Structure formats: C-alpha cells, structure tokens
Amino acid sequence: MQDQPPPACPHSTPTPPRPPEPDLFTWEFASDPYPAYAWLREYAPVRWTELPSGVEAWLVTRYADAREALAEQRLSKNPAHHDEPAHARGRTGIPGERKAELMTHLLNIDPPDHTRLRRLVSKAFTPRRVAAFAPRVQELTDQLIDRFAEKGEADLIHEFAFPLPIYAICDLLGVPREDQDDFRDWAGMMIRHGGGPRGGVARSVKKMRGYLAELIHRKRADPGDDLISGLIRASDHGEHLTENEAAAMAFILLFAGFETTVNLIGNGTYALLTHPEQRERLQRSLAAGDTALLETGVEELLRYDGPVELATWRFATEPLRIGGQDIAAGDPVLVVLAAADRDPARFAEPDLLDLSRRDNQHLGYGHGIHYCLGAPLARLEGQTALATLLRRLPDLQLGAQPGELRWRGGLIMRGLRSLPVRFTPPGSDSRTGT
C-alpha cells in the first residue's frame, strides 16, 4: 500500500500564495503606484531595481526604514560617491546641472559644507520673509483665477497650479516681472521630464544659469529686499556664499521649489474632487472662517498623494544595512516617500483620505538635515491655492474621467500632466476670494 500524506492539522492556517510581482515604472504604474508599493513593503521592502534610465538602485519602501535612511549619515548626497557604471554616468541628477556648475546646492552636498551652506541660506530664507509674502501669494492666486473664472472650465495645471509657484518664487527671488515669462518657459521645459525636445532640459538649465549669474551681478551693485539680495548679504562669522553657491541655491529653489508646489496643488485638488465628502467638509470649515481643517488637510494631502514620490539620490559611502538588507559602498539608494507614507505599520487606514488626521508625521518634505528648506513656502502656496479655489469656485468638478488623466513619467516627482475642470462662472457680485 502506498504511503499516504499526513492529514493537515485542523488548526493550521494555510499560507496564502504570494501575489505576482508588479511591474514598476509603466504608464499604469504611474497612474496608481500604491498597489505596487504595498507589494514592495510586504515582500521586498529594500529592493535592488533597474530604473527606466538604466541606473540600478535600492528602493526603500517601509516607513521606519525610510525615516532611518533619510537621516543616515553614511548615505551621502554627493554624486561623487556613486560607484556608477559607464552607461549610467550623469543620469542621477538634474540634466545639465554639472555642466552649468550648479551642483553646489543643498541637495548635492554633505556636512560640513551642507551645514555651512544651509546656515547661510537660512539667514536669508526666513519664516518671517515667507509670512510677509502671504499677501502677494493671495494676489497672484486671485489674478490667475480671474483669467479663467468666466469661462466655466480650465486646465488647472497649465492655467493655475503651474504659473502660481513659478511667478511666486520669481517674485520672492527678485526676478523682474518683465523676465518672469522666460523663467516660466525654462521651468516648463524642465517639468516635462523628457517629454520635450532632446537636450531641452539641459539647454534650459544653461539659460537659467546664465541669467542668474547676470542677475546676481546686478543685485550686488543694487541690492533690494528680495531673496537673492538676501543670499548675497548673508554672512556667518565672516563667511559668505560664493557666486556659484548663490546661483546654485537660486536655481534649486526655482527647480525643486516650484515643481513640488505645482504637484501639491494639482494632486491635492484632484484628491479633493475624487473624495467629495472630504471636499465638502473643507468647504464648510472655510465658510465658517475656520482654517484648522485646511492646515491638517494640506498635511494629509501631502501624505496621501504627495508631490515628491521618491526622495532625491543618496549614495552609500561605506557598507551598511537598511531593513535587514546589506548595502554596498557606492550603491545608490532611493527612499520611496509615497510608499512610506502609506505604510499601515505607521498610519491607521493609510489608503483613506482623512483631512482631520492628527497623527501625521509624513515624510513628504523629507526628514533629518535635508528636510526641505522651502516647505513653509510650499505650504503657504498650497493652503492659499486650495482655499481660494474652493471659495471662489464652489461647484468645481472634474472635466474628465479619472481614468482619462495622465501622470508625468518622472522618477522623483509625482504630478498630473493636466487637470481639466468645470464650474459655474461666478457672477461679478459674488466674488468672495478678494
């Protein structure tokens, strides 16, 4: 008689089969990466992955590991530590920034240079300067809405979310109004992430670098109350920013500062329009003159579908372990903020949008010494934009089905290509946003 298998234990629970590994960096993934990130958190929380550029890197997806990696001093921001193969050379930063001598900014350097540079920049880019800028942000917000309010429809990315932060940061830096459309064109090329003509990003970076060098020369001779003049004047124990450092800081404020806010406004508006009960809560709160839900709400929008999908590049300076995984010296590491901020081990019901969420230490603007210096400005712009849209266009709704919308294909940022909306044109006597 053949041997029979032993009977199954009546109290054992069979292990569920492992779901198939998801495809990463496809167009379907760009539309909704969160199921794939849930798989990575569960089965491969620190995973060696080939990126669309051909560069290979470790992806870190759990919240605890992400927070640890963001503060890990053995993970350098300096690309010089990348043990990069020939085919990957130069593909880990902003196209053209090396040739344009724009590498000496806060995203690419480590202590002690980072400590010195951030201290100097912080003397110019102060919370007081940001707070004093609030009326101008409101003015710009209303002016942009005025341009399309009577049409009853708009593309909120191109007509609102994109121009608002670029004009705001230009004003803050001290770029003359007559030159700001050039900055809009250069920024538009950079935000396409490869969707424009070949070499277009690098050419835009070069043009922006040349303009900033000229503007810094003019500000040295005739300083004002703007941020570039503040960067030139900033000193600490006799130290000043060099011209290259000032230009690189102005550049990264433009490049990183404006796109994160474009995506905060775009992603945030989209999330509100696809969660009508949360949007109605916020509108009722604003109508009652209460801004508390707006403040917690913007933090929740940053967590739920934030503007920065992956933190910028880090490179191991020596062997280390993250999440039980050995990382070799020279390996690139990318912290997936979007995955960490949906980690159920940290956030209750992480896939639920709750504008009143209080326990919300999200990583949307990073953590540690590289925490985003421009976060207060982005929050100001995001709160002002969303509140004004909901007040002035109270019946705002999507002008397309969610499945028809397309997301930009960049690696670091997460944002919509366009956001068509419809609304009832407000009467001239019903404006409440000015």
Side-chain angles (χ1 to χ4, degrees), residues 24-25 29-30 33-34 36-53 55-79 81-84 91-94 106-111 114 252 256 259-260 263-264 302-347 350 360-375 378 410-415:
L24 304 180
F25 311 118
F29 170 85
Y34 296 104
Y37 288 150
W39 189 97
L40 288 174
R41 281 195 310 266
E42 180 70 21
Y43 299 107
V46 183
R47 183 181 186 273
W48 187 247
T49 306
E50 182 174 348
L51 307 173
S53 64
V55 179
E56 293 179 299
W58 295 102
L59 299 183
V60 179
T61 51
R62 288 179 179 169
Y63 181 92
D65 297 337
R67 190 175 169 92
E68 174 188 345
L70 291 172
E72 174 58 70
Q73 294 185 4
R74 292 171 294 178
L75 290 178
S76 170
K77 299 290 290 177
N78 188 341
H81 292 290
H82 183 193
D83 185 19
E84 56 186 339
R91 297 184 182 179
T92 59
I94 300 168
L106 292 174
L107 295 184
N108 285 339
I109 57 175
D110 305 314
H114 178 274
I252 204 61
E259 189 174 359
T260 55
N263 295 345
L264 169 57
L302 285 163
R303 181 202 69 82
Y304 180 78
D305 198 10
V308 184
E309 191 163 345
L310 283 73
T312 48
W313 295 85
R314 285 165 166 78
F315 309 96
T317 59
E318 59 184 83
L320 70 150
R321 285 176 69 81
I322 300 174
Q325 176 66 57
D326 290 324
I327 310 293
D331 281 356
V333 174
L334 288 168
V335 177
V336 188
L337 305 179
D341 281 343
R342 293 277 192 110
D343 189 343
R346 175 60 185 84
F347 299 100
N360 196 0
Q361 292 184 336
H362 63 78
L363 301 176
Y365 285 124
H367 170 67
I369 64 170
H370 290 285
Y371 184 83
C372 178
L373 190 67
L411 181 67
I412 300 298
M413 301 291 185
R414 172 165 172 77

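Everything numeric here is computed off the predicted structure, so don't read it as measured data.
Arg303 contributes a side-chain N or O that, together with a main-chain N or O of Pro350, makes up a donor-acceptor pair within less than 3.5 Å.
Taking CG from Leu310 and CG from Leu59, the interatomic distance works out to 6.5 Å, rounded to the nearest 0.5 Å. Interatomic distance, CG of Leu320 versus CZ of Arg74, reported as 5.0 Å (0.5 Å rounding). For the atom pair CG (Leu24) and OH (Tyr37), the distance works out to 7.5 Å, reported to the nearest 0.5 Å. Expressed to the nearest 0.5 Å, how far CZ of Arg67 lies from CG of Asp343 amounts to 13.0 Å. Expressed to the nearest 0.5 Å, how far NE2 of His367 lies from CD of Glu68 amounts to 10.0 Å. Atom CZ in Arg62 sits 9.0 Å away from atom CZ in Arg41 (nearest 0.5 Å).
When all heavy atoms are compared, the tightest approach of Ala340 to Phe347 is O-CE1, 3.8 Å. Of all heavy-atom pairs spanning Val335 and Ala66, the tightest one is CG1-CB, 3.4 Å. What you find for Asp341 and Gly364 is that their closest heavy atoms are OD2-N, 3.5 Å. Of all the heavy atoms in Pro111 and Ile369, the pair that sits closest is CG-CD1, 3.6 Å. Counting all heavy atoms, side chain and backbone alike, Ala311 lies closest to Leu70 at CB-CD2, 3.9 Å. Heavy atoms only, all atoms of each residue included: Pro45 and Asp65 are closest at CB-OD2, 4.5 Å.
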*Does the pair His370 and Arg314 meet the rule for a side-chain contact (heavy atoms from CB on, under 4.5 Å), with working shown?*
CA-CA 11 Å; His370 290 285; Arg314 285 165 166 78; 3.9 Å; yes
*asked:* Assess the residue pair Leu334 and Leu51 against the criterion (side-chain contact (heavy atoms from CB on, under 4.5 Å)); give the C-alpha distance rounded to whole Å, side-chain angles, the decisive distance to 0.1 Å, and a yes or no.
replied: CA-CA 11 Å; Leu334 288 168; Leu51 307 173; 3.7 Å; yes
*Test side-chain contact (heavy atoms from CB on, under 4.5 Å) applied to Val308 and Met413, step by step*: CA-CA 4 Å; Val308 184; Met413 301 291 185; 4.0 Å; yes
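Taking the side chain as every heavy atom from C-beta outward, Leu337 and Glu309 never approach each other to under 4.5 Å. Counting only heavy atoms from C-beta outward, the side chains of Asp110 and Thr317 never approach each other to under 4.5 Å. With contacts defined as side-chain heavy-atom distances shorter than 4.5 Å, the pair Asp331/Trp58 qualifies. Residues Val333 and Val46 are not in side-chain contact: their nearest non-hydrogen atoms beyond the backbone lie 4.5 Å or more apart.
Residues Tyr34 and Tyr304 keep their aromatic ring centres 6.0 Å or farther apart.
Ring geometry for Trp313 against Phe315 counts as parallel: the plane angle stays under 30°, on a 0 to 90° scale with 60° as the upper cut.
In the displayed structure, Gln73 atom CD is contacted under 6.0 Å by at most 12 heavy atoms of other residues, nucleotides or ligands.
Checked by atom type, the side-chain pair Gln361/Tyr63 shows no donor-acceptor distance below 3.5 Å.
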